[in-house]
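The analysis underlying the following values was restricted to heavy atoms, covering all of them including side chains, and did not include hydrogens, waters or symmetry mates. So you know, we letter chains A, B, ... as the sequences are listed, proteins then strands, and number each from 1.
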Protein chains: 2
Amino acid sequence: MPPGLKDVAARAGVSIKTVSNVVNGYVHVAPATRARVQAAIDALGYVPNLAARQLRSGRSGVIALAVPELQSPYFAEIAGLIVQAAERRSWTVLIDQTDGQAERERNLVAGLRRHAIDGLIFSPLALAGEELTQRDGTPMVLLGERVWHGPADHVAIDNTAAASDATRHLTSLGRRRIAAIGVQDRASAVTAHQRLAGYRAAVASAGLRTDPALEMPVEGFHRADGAAAMARLLDAAEPPDAVFCFNDLLALGALRTLLSRGVRVPEDVAVIGFDDIEDGRFSTPTLSTVAPDAPRIAQLAVDLLAERLGDGPAAAGAPRELRVDHRLIVRESTTGATPRP
Amino acid sequence: MPPGLKDVAARAGVSIKTVSNVVNGYVHVAPATRARVQAAIDALGYVPNLAARQLRSGRSGVIALAVPELQSPYFAEIAGLIVQAAERRSWTVLIDQTDGQAERERNLVAGLRRHAIDGLIFSPLALAGEELTQRDGTPMVLLGERVWHGPADHVAIDNTAAASDATRHLTSLGRRRIAAIGVQDRASAVTAHQRLAGYRAAVASAGLRTDPALEMPVEGFHRADGAAAMARLLDAAEPPDAVFCFNDLLALGALRTLLSRGVRVPEDVAVIGFDDIEDGRFSTPTLSTVAPDAPRIAQLAVDLLAERLGDGPAAAGAPRELRVDHRLIVRESTTGATPRP
DNA sequence: TTGTAGGCGTTATCAT
DNA sequence: ATGATAACGCCTACAA
């Protein structure tokens, strides 16, 4: 029904090869011919059929991005940035939501959509280590975690160092009882483990004792989890005077609990988060946090994939680990003053 | 390189047609044959090539969803819900971010990706009315706006009524100077126009006078816009005692300005938003708002598309308009009390 | 510089 | 119940 190479060729009075040459910008086409063909293309509204092209070339021009959930502002931001970076290479991005389910993540790694996708950028939540080995040959770039000698390329910040930075900010403010919200037991919860390690290191190096009662476990990394964990902390015998939350959503939830109970932030309890999502810039008080260089993460992930997809020498090399910067952002929740109504 | 029908056929000692029959669940295949073919499929790890299938069938199994921006929690939520609804029909969703740029939206409507996509669910921002007429035959479902006698199917809430509900909630609380944040001039800003109309209607029917000084224009619908508009309102000669913000992000920004200036919410100024995003359930104070039935919007959009894509009688009918419910959600920002630190 | 022919992996038609 | 074969639309040797 839609016009094909054949139709254009007929209208322009040339062969389909010539039309194909024009479409693909082949140089050796007589100007007059080119003009005639172009006119026919425009008149017919010809658009190349991507399915046919892919069938021939084996390339779809589509890469997949798999994230735990789009609702989470951090992942939504990363997704937007990756789409932009991919666009510069005229790739289309297929966004996949895993909901953190191991089954779905396994499918992805096994190569679910196989022929339909040229590469995969993957932020795993339920899987770690060996399970992340790609079965089919689709190139994959891992996001967000440092998997030790991992089987695939990955790009991440130094989670442990960043967590230490956040915690050290609190100790440098003179806080002595610093809680952590976001602990997770599962072996695959690499983020949580790394941030906990960074927190403990900073606490210890400030000469404070780590206290299991201050390390709060959570189900997920959402506002509700943070709010609940903070409530438990406040109900304990010795409440903290500062809290490091493993992401901003947890921190915003904690903030909610504190403020609704009339606890002053930061006077009574200082709060710092992680991710630098937009919400934290407009909460009351505004939220101190650690900001990963998200635009750079997105750009590097796409670049890495491009290398693997290209036919340069880098295409077949060993897995690479790229480190991205982070920085501490100090706002009211650690150094401000509670406004008096 | 990956195995095809041919390879499976060779291994099972049958023709490719038989393999195809097995793959597609055709009924008339001898059980013994089916078993033999299935064994070969498993052994070889055969996966159908979607490009070839599409080339044949003309169907890709992919629909596109175009939203202004994923960063916006409301659109992120809608996107997640649509992906889930599409999954139930084993469709894949390609998410497209228009950034509200007219050019990109025009491309979409003109049929940018043409052959690659079976249908389009589109939440327009820059385009309206006639410009939304589909040029190629790809079925399209419009989201979020009521375009009068529009050229395509669409599903939306009654924006004007919902805005009136929000405003009426404020008047019923005895507020007399009610501001609106979110006014936009552009002819295409249908949402803003409809919510403004609803606001004015409710103000008038409460026996109050509408006042241009209370109708605040904004660039976009983000927190920063709301914060700035609120600041201007507070600096005016007669500040309002209540504000209706055209979405929750604006409201959260307004909240930030109010609280940082020591204005009590809701005692001094009551605030209500629109969308019911998660942030509003954890802000301090929690945010009163109008909640569209998002899951239903997503489900209906996908169902509508399915009808057009099917070959039933509904596939060719006139454009349909589906109305979705909304409800008022009352929280602390209108009826609570400021906690005293 | 341009044309011809074959094949990418499926599905559909028509035999058998 | 199963097999042979012809498209689907494009690209690329190879030929002219």
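- By the side chain to side chain contact (heavy atoms under 4.5 Å, CB included) test, A:Arg56 pairs with no residue at all, sequence neighbours left out.
- Between B:Arg308 and B:Asp153 there is a salt bridge, since at least one side-chain N of the basic residue sits less than 4.0 Å from a carboxylate O of the acidic one.
- Rounded to whole angstrom, the span from the NE2 atom of A:His28 across to the C1' atom of C:dG3 amounts to 17 Å.
- Note that the CZ atom of B:Phe122 and the OG1 atom of B:Thr98 stand 6.0 Å from one another [nearest 0.5 Å].
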Exercise answer: donor-acceptor pairs, residues 80-89 of chain A side-chain atoms, under 3.5 Å, sequence neighbours excluded:
{"unit_1": "A:Glu87", "atom_1": "OE1", "unit_2": "B:Arg104", "atom_2": "NH1", "d": "3.2"}
{"unit_1": "A:Glu87", "atom_1": "OE2", "unit_2": "B:Arg104", "atom_2": "NH1", "d": "3.3"}
{"unit_1": "A:Glu87", "atom_1": "OE2", "unit_2": "B:Arg104", "atom_2": "NH2", "d": "3.0"}
{"unit_1": "A:Arg88", "atom_1": "NH1", "unit_2": "A:Gln299", "atom_2": "OE1", "d": "2.5"}
{"unit_1": "A:Arg89", "atom_1": "NH1", "unit_2": "A:Asp303", "atom_2": "OD1", "d": "2.9"}

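- Of the candidates D:dC11, D:dT2, C:dT1, D:dC11 carries the atom nearest the A:Asn24 side chain, counting heavy atoms from C-beta on.
- Taking atom CZ on A:Arg59 and atom C1' on D:dC11, their separation rounds to 15 Å, with Å as the unit.
- Between the side chain of A:Arg34 and the backbone N or O of A:Asn21 there is no donor-acceptor pair closer than 3.5 Å.
- Distance OH (B:Tyr26) to P (D:dG3): 13 Å, rounded to an integer number of Å.
- Panel note: side chain A:Ser57, backbone A:Arg53; a donor-acceptor pair is recorded below 3.5 Å.
- Although no hydrogens or angles enter the test, the distance criterion places a donor-acceptor pair under 3.5 Å between the side chain of B:Asp118 and the main chain of B:Gly61.
- In this structure, B:Glu69 contributes its side chain and B:Asp99 its backbone to no donor-acceptor pair below 3.5 Å.
- Put simply, B:Thr18 has no side-chain N or O that comes within less than 4.0 Å of OP1 or OP2 on D:dT2.
- No side-chain donor-acceptor contact under 3.5 Å links A:Arg11 to the backbone of A:Ala40.
- Between C:dT11 and B:Ser57, no contact under 4.0 Å exists linking OP1 or OP2 to a side-chain N or O.
- Remark: the backbone N or O of A:Ala39 is not paired with any side-chain donor or acceptor of A:Asp42 at under 3.5 angstrom.
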Write out a two-atom table: protein N or O, nucleotide N or O from nucleotides 6-9 of chain C, distance below 3.5 Å.
{"unit_1": "C:dG6", "atom_1": "N2", "unit_2": "A:Arg56", "atom_2": "NH1", "d": "3.4"}
{"unit_1": "C:dG7", "atom_1": "N2", "unit_2": "A:Arg56", "atom_2": "NH1", "d": "3.2"}

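- Within residues 32-43 of chain A, the residues approached by DNA chain C to less than 4.0 Å at the level of any non-hydrogen atom are A:Thr33, in residue-number order.
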Which protein N or O atoms sit under 3.5 Å from an N or O of nucleotides 14-16 of chain C?
none

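- In this structure, B:Ser20 does not reach the C:dA12 phosphate: none of its side-chain N or O atoms is under 4.0 Å from OP1 or OP2.
- Identified under the ring-ring contact (aromatic ring centres under 6.0 Å, His included) test for residues 75-108 of chain B, with sequence neighbours left out: none.
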